[in-house]
Amino acid sequence: MNCDLIVVGGGPAGMLSASTAAAKGLKVILLEKNDKLGKKLFITGKGRCNVTNYGDRDDFFHHVMTNPKFLYSAFKTFDNNDLLALLTSLGVPTKVERGNRVFPASDKSSDIIKALQKHMQLGNVCIKLQTEIKKILVKNHRVTGVLLHDDKQISAPKVILATGGMSYRQTGSTGDGYKMAQQLGHTIIEPKPALIPLITQEKWVKDLQGLTLKNVSVKAIINNKVQAEQFGEMIFTHFGVSGPIILSISSLIKKHIHPPTNKPIQISIDLKPALTDEQLDARLQRDFNKYSVKQLKNAFDDLLPKRMIATFLQLSGLDIHKQVNQISKKERDLLVHTLKGIPLTVTGTRPLNEAIVTSGGIHVKEINPSTMESKIVQGLYFAGEIIDVDALTGGYNLQIAFSTAYLSGLSAARV
Ligand code: FAD
């Protein structure tokens with residue numbers, strides 16, 4: 001079987017690189033080891049697919065955590081507006097939500113998958129499912145084709161490797177591409193979890209398992225210095241903390257977590273970030289007037305989620321049975337202090353398989369940023385999460401996949 005280009009991997013990056021090259025006239029074969037395309041894409045954004053972010057160029061690069069400069073050409077060639085125009089042309093209207101997050105208007109990730117499939121169909125891309133690649137074939141530093149799992153070969157002068165990262169392995173992203181590229185002389189920056197829940201030392205988090213806190217501010221403090229701060233939503237789990245702002249914090253402090261630096265990482269949760277200490281004290285006084293003859297444990301129903309109250313008071317160290325009108329100013333200060341900084345100690349992250357994205361991958365120094373072509377093997381290109389780039393949540397990771405995919409497909413179609 002012969003063709004101009006083989007794309008390995010049927011995720012968002014593989015699908016867009018295949019359809020882009022096909023639209024430019026190449027005869028393209030896409031090989032995917034699963035029995036369907038876009039298994040990970042299907043579960044993105046809790047099934048709604050936060051497909052990109054509507055922010056401007058600076059905002060995009062501000063949210064890329066690893067090697068943003070490497071992405072300049074890719075984003076210039078195909079940015080978020082280009083992606084939205086393409087989706088519209090393929091019959092998928094989109095909507096913009098809080099934080100400029102873009103979703104398909106239908107709230108269905110499957111609509112994005114269908115659109116990418118349609119784009120491939122329009123270019124007559126030959127799609128082969130349940131086809132696992134085990135090796136890229138190379139002669140004299142030039143790609144000659146691929147070797148399939150059943151030892152059959154497909155010849156082509158160009159290959160785009162878009163096998164993704166190494167998390168949520170059940171979706172097919174098992175790091176195969178790293179091994180294949182390494183065999184060809186590429187350096188792999190060690191894959192590590194990014195956008196990952198944090199494990200904490202404190203056992204009380206387990207009592208609050210499932211409790212979501214909205215509109216809170218979380219700080220990560222290392223060596224008495226605030227290294228990251230995020231505002232929004234988090235959740236307690238049986239092992240520690242998770243939720244959007246915790247995932248972002250995990251990426252922002254990843255150099256301190258991997259490898260463990262032995263420096264303790266403190267998390268401080270401000271339950272009332274909109275109020276200063278003085279405003280919060282005034283608020284407490286109002287509530288304490290209202291509940292003056294109640295015990296302390298019954299005076300926080302207006303201020304905190306019910307499930308949080310016992311833990312909060314325990315952390316403050318005050319007697320929960322004390323009558324509210326007996327509380328001194330000093331004790332109120334202690335309550336304010338605790339409300340503004342619930343302390344947690346991070347001991348690690350959940351395993352790589354639970355990461356939203358993989359940090360690490362193909363070393364960017366070995367890829368031409370203007371074409372996505374390998375600097376080691378001619379005719380080999382990379383697209384998507386396999387490259388050592390990753391971003392915060394908000395649609396940026398899919399935009400990285402789409403921008404690098406488009407550029408790789410376009411470059412492969414050039415002579
Ligand atoms: P993948 O999507 O991982 O695709 C790689 C494909 O290659 C897979 O289909 C795999 O089966 C195939 N493959 C692997 N090895 C082989 C082989 N040897 N032979 C043949 N095929 C092979 N990002 C956002 O921007 N917005 C979100 O809302 C969002 N939500 C997410 C939610 C979850 C739960 C997770 C896990 C991730 C989320 N992400 C989100 C991140 C985003 O899904 C990834 O960054 C993106 O899917 C990467 O695309 P990719 O095409 O590079 O890799």
Side-chain angles (χ1 to χ4, degrees), residues 6-18 29-53 60 63-64 80 83 97 99 101-104 107 109 112-113 116 127-136 146-150 154 159-181 191 193-197 242 244 247 251 350 352-359 361-362 372 382-387 389-406 408:
I6 295 167
V7 175
V8 185
M15 288 192 272
L16 186 65
S17 57
I29 298 182
L30 180 138
L31 307 171
E32 164 57 55
K33 69 176 170 184
N34 288 329
D35 56 1
K36 50 175 120 113
L37 297 167
K39 262 193 160 182
K40 188 176 270 181
L41 186 54
F42 185 70
I43 58 166
T44 55
K46 297 195 173 118
R48 295 172 61 222
C49 185
N50 178 194
V51 69
T52 187
N53 193 284
F60 173 74
H63 284 87
V64 177
N80 45 357
L83 176 66
E97 294 191 359
R101 287 158 199 253
V102 183
F103 294 85
D107 283 329
S109 58
I112 304 292
I113 300 173
L116 292 168
I127 298 165
K128 294 202 172 294
L129 300 175
Q130 292 174 300
T131 308
E132 187 172 339
I133 306 311
K134 64 175 185 187
K135 202 173 174 187
I136 313 279
V146 297
L147 182 67
L148 308 188
H149 217 66
D150 58 8
I154 306 179
V159 168
I160 295 177
L161 202 48
T163 48
M166 239 177 135
S167 74
Y168 282 68
R169 294 172 75 92
Q170 67 278 19
T171 62
S173 325
T174 49
D176 300 6
Y178 301 148
K179 287 183 215 132
M180 290 189 257
L195 299 178
I196 183 83
S242 187
L247 297 182
S251 280
R350 294 293 284 174
L352 177 54
N353 194 38
E354 291 176 32
I356 299 295
V357 280
T358 305
S359 173
I362 312 286
M372 295 294 132
F382 297 100
E385 204 178 311
I386 189 173
I387 305 170
V389 282
D390 61 271
L392 295 183
T393 58
Y396 305 101
N397 284 297
L398 280 173
Q399 184 61 50
I400 289 176
F402 290 125
S403 294
T404 53
Y406 186 90
S408 68

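Note that ligands are numbered from 1 as they come in the structure, with each ligand's atoms numbered from 1 the same way. From a predicted model like this one, the values you see are computed outputs, not experimental measurements. Heads up: numbering here begins at 1 and tracks the sequence.
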Give the residue and atom name of whichever protein heavy atom lies nearest to [atom], and the separation in Å to one decimal.
{"atom": "atom 4 (O) of ligand 1", "result": "Gly11 CA, 3.4 Å"}
{"atom": "atom 52 (O) of ligand 1", "result": "Glu385 N, 2.9 Å"}
{"atom": "atom 37 (C) of ligand 1", "result": "Ile356 O, 3.2 Å"}
{"atom": "atom 32 (C) of ligand 1", "result": "Thr44 CA, 3.6 Å"}
{"atom": "atom 17 (C) of ligand 1", "result": "Asp176 OD2, 3.6 Å"}
{"atom": "atom 36 (C) of ligand 1", "result": "Tyr168 CD1, 3.4 Å"}
{"atom": "atom 8 (C) of ligand 1", "result": "Glu32 OE1, 3.4 Å"}
{"atom": "atom 26 (N) of ligand 1", "result": "Asn50 O, 2.9 Å"}

Using a 4.0 Å cutoff against the non-hydrogen atoms of [X], which atoms of ligand 1 qualify?
{"X": "Asn397", "value": "23 (N), 25 (O), 45 (O)"}
{"X": "Ser173", "value": "3 (O)"}
{"X": "Val357", "value": "41 (C), 45 (O)"}
{"X": "Met180", "value": "18 (N)"}
{"X": "Leu31", "value": "20 (C), 21 (N)"}
{"X": "Gly384", "value": "52 (O)"}
{"X": "Thr171", "value": "11 (O)"}

Heavy atom under 4.0 Å from ligand 1: found in Glu132's side chain, backbone, both, or neither? both
For ligand 1, does Lys46 get within less than 4.0 Å through its side chain, its backbone, both, or neither, judged by non-hydrogen atoms? neither
Polar side-chain atom of [X] near backbone of [Y] as donor-acceptor pair, under 3.5 Å:
{"X": "Thr171", "Y": "Arg169", "value": "no"}
{"X": "Ser109", "Y": "Phe42", "value": "yes"}
{"X": "Asn353", "Y": "Ser167", "value": "no"}
{"X": "Asn53", "Y": "Phe60", "value": "no"}
{"X": "Asn50", "Y": "Thr52", "value": "yes"}

Quick one: which of [options] has a heavy atom closest to [atom]?
{"atom": "atom 2 (O) of ligand 1", "options": "Ala162, Ala401, Gly165, Pro12", "answer": "Pro12"}
{"atom": "atom 19 (N) of ligand 1", "options": "Ile133, Asn34, Ile387", "answer": "Ile133"}
{"atom": "atom 50 (P) of ligand 1", "options": "Ala391, Gly394, Ser17, Ala13", "answer": "Ala13"}

Check whether any side-chain heavy atom of [X] lies under 4.5 Å from a side-chain heavy atom of [Y], and answer yes or no.
{"X": "Leu247", "Y": "Pro197", "result": "yes"}
{"X": "Leu195", "Y": "Asn397", "result": "yes"}
{"X": "Leu148", "Y": "Ile133", "result": "yes"}
{"X": "Arg101", "Y": "Thr393", "result": "yes"}

List the steps and the verdict of side-chain contact (heavy atoms from CB on, under 4.5 Å) for Leu30 and Leu37. CA-CA 10 Å; Leu30 180 138; Leu37 297 167; 3.7 Å; yes
Walk me through whether Leu16 and Leu116 qualify under side-chain contact (heavy atoms from CB on, under 4.5 Å). CA-CA 7 Å; Leu16 186 65; Leu116 292 168; 4.3 Å; yes
With a cutoff of 4.0 Å, is Val51 in contact with ligand 1, counting heavy atoms of the residue only? no
With the threshold set at under 4.0 angstrom, would you say Leu37 reaches ligand 1 through any of its heavy atoms? no
Please assess Asp176 against Lys33 for the test side-chain contact (heavy atoms from CB on, under 4.5 Å), listing each intermediate value before the final yes or no. CA-CA 11 Å; Asp176 300 6; Lys33 69 176 170 184; 3.0 Å; yes
Any N or O of [X] closer than 3.5 Å to N or O of ligand 1:
{"X": "Leu398", "answer": "yes"}
{"X": "Gly45", "answer": "yes"}
{"X": "Gln399", "answer": "no"}

Applying the side chain to side chain contact (heavy atoms under 4.5 Å, CB included) criterion to Tyr178, which one of Thr163, Thr358, Leu161 satisfies it? Thr358
Apply side-chain contact (heavy atoms from CB on, under 4.5 Å) to Ile400 and Glu385, showing your working. CA-CA 8 Å; Ile400 289 176; Glu385 204 178 311; over 6 Å; no
For Lys134, does the NZ atom have more than 12 heavy-atom neighbours from other residues, nucleotides or ligands under 6.0 Å away? yes
